[in-house]
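Inspection log for the structure reproduced underneath, given as structure tokens.
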Number of protein chains: 2
Amino acid sequence: MKLNRASALGVFAGIHLARQGKKAPIQGKEIAESLGTPHDYLLKVLQQLVKARIFMSERGPAGGFQLRKDPDQITLLDIVEAIEGPIDGDSNVLHEIQAQPNAKHSLESAYNDVARFARSLLKKTTIKDLAA
Amino acid sequence: MKLNRASALGVFAGIHLARQGKKAPIQGKEIAESLGTPHDYLLKVLQQLVKARIFMSERGPAGGFQLRKDPDQITLLDIVEAIEGPIDGDSNVLHEIQAQPNAKHSLESAYNDVARFARSLLKKTTIKDLAA
DNA sequence: GGCGATTTACTCGGATAAGCATTGTCCGAGTCAGAAGGG
DNA sequence: CCCTTCTGACTCGGACAATGCTTATCCGAGTAAATCGCC
């Protein structure tokens with residue numbers, strides 16, 4: 001697992017939306033200025049979260065982004081995995097190396113343990129927690 | 001943190017050397033064939049471990065690589081950090097984003113917790129454990 | 001003045017470049033063994 | 001025959017490309033409001 005700039009932007013964008021409530025859509029432009037990040041790039045990140053059905057978007061004037069669920073129903077894991085892809089032990093890297101199967105297995109389970117821990121930890125924290 | 005092909009190769013190379021004992025140097029060519037990986041690339045990985053003083057190398061005919069320490073004194077963390085660099089929470093990515101300080105801090109400590117867990121887990125396992 | 005088609009301004013959406021890290025390759029530096037030559 | 005010198009083969013070492021992923025940018029699709037024209 002890794003922490004991209006993109007996934008961090010996704011989390012903070014979620015916090016920004018949570019703070020505004022669900023009244024009206026918030027424009028990407030406003031979020032970008034708030035986070036001090038390039039507008040066009042942030043949009044691409046937000047798009048991924050819309051595809052993952054975590055955010056919802058509306059086009060046209062007065063359009064923008066909103067949370068699709070309540071802030072306490074959105075975990076960090078939801079956002080991070082929507083952007084980075086699933087958090088696993090990267091076992092595909094191991095399988096293309098020839099080595100003793102039990103050594104491969106031991107290393108793989110070590111990495112899987114780390115991945116499991118990361119998943120459970122990120123699942124505990126919600127957007128609501130961070131927006132407080 | 002992430003699991004590169006390079007760090008996996010470093011671990012398996014360490015296992016290969018541990019299995020041979022400390023009698024004579026093992027050539028990179030032999031390790032590369034054993035792991036089914038490009039020879040020239042593996043050398044670059046082994047070089048990093050030599051620089052980190054985990055392996056030792058000898059040139060010339062009958063040269064090769066050896067472990068510098070006992071297999072039970074070399075942890076997975078030693079090898080992985082020698083190749084990937086230190087395992088941290090990638091907090092540098094966070095600091096260039098403008099956001100509420102407490103939200104940034106919460107996210108950063110979540111990632112630091114994962115990094116700490118990964119470090120402690122990788123520190124528990126030694127090359128000797130995997131070579132058995 | 002009221003209604004509707006049209007234009008306009010504004011938003012997100014997806015396809016397209018630029019930058020950087022990881023992976024892969026090549027040639028040179030160092031080292032020992034063995035052969036060649038002279039004593 | 002023995003010692004010294006030289007050549008050559010073999011190893012690692014570090015500098016140089018190629019590939020893939022992350023980041024950044026651009027232009028087009030969609031939408032609602034405002035404008036203009038007609039009734």
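Order of the sequence lines fixes the chain letters, A, B, ..., with proteins taken first and strands second; residue numbering starts at 1 for each chain. Everything numeric in this text was worked out from a predicted model, so none of it was measured.
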As a quick check of understanding, evaluate side chain to side chain contact (heavy atoms under 4.5 Å, CB included) for A/I26 and A/H16, giving each step before the final call.
CA-CA 9 Å; A/I26 307 294; A/H16 189 93; 4.2 Å; yes
Could you go step by step and tell me if A/L49 and A/I79 meet the side chain to side chain contact (heavy atoms under 4.5 Å, CB included) rule?
CA-CA 7 Å; A/L49 293 170; A/I79 294 184; 4.0 Å; yes
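Note on B/Q47: a base of the nucleic acid sits closer than 4.0 angstrom, heavy atoms only. Looking at heavy-atom distances under 4.0 Å, A/A6 makes contact with sugar-phosphate atoms alone, never a base. Looking at heavy-atom distances under 4.0 Å, B/N4 makes contact with sugar-phosphate atoms alone, never a base.
A donor and an acceptor atom, one from each side chain of A/D78 and A/T75, are located under 3.5 Å apart. Judged by distance alone, the side chains of B/N4 and B/S7 never bring a donor and an acceptor atom under 3.5 Å apart. Under 3.5 Å, the side chains of A/N112 and A/S109 contain no donor-acceptor pair of N or O atoms.
Nucleotides of DNA chain D nearest to B/V50 and A/R59 differ in position, and the one nearer the 5' end is that of B/V50. Residue whose closest nucleotide on DNA chain C sits further toward the 5' end, between B/L43 and A/I26: A/I26. When each of A/R5 and A/G60 is assigned the nucleotide of DNA chain D bearing its nearest heavy atom, the one mapping closer to the 5' terminus is A/R5.
Minimum atom distance to the side chain of A/D40 is reached by D/dT25, of the listed D/dT25, C/dG14, C/dG24. Checked against D/dG13, D/dA29, C/dT23, the side chain of B/F65 finds its nearest nucleotide in D/dG13. Side chain of B/P61, nearest nucleotide from C/dC10, C/dT31, D/dG14: C/dT31.
Side-chain N/O atoms of A/S57 include none lying less than 4.0 angstrom from OP1 or OP2 on C/dT11.
Distance A/E96 CD to C/dT23 C1': 11 Å, rounded to the nearest Å. We find that CG of B/L42 is positioned 15 Å from P of D/dG14, with the value rounded to whole Å. As rounded to whole Å, 14 Å separates atom C1' of C/dC12 from atom CG of A/L17. Straight-line distance from the NZ atom of A/K44 to the P atom of C/dT16: 13 Å, rounded to whole Å. The NE2 atom of A/H39 sits 13 Å away from the P atom of C/dC10 (whole-angstrom rounding). Counting to the nearest Å, the P atom of C/dG30 and the CE atom of B/M56 are 19 Å from each other. Distance B/Q27 CD to C/dC32 C1': 13 Å, rounded to the nearest Å. At whole-Å resolution of the value, CD in A/Q48 and C1' in C/dG14 are 12 Å apart.
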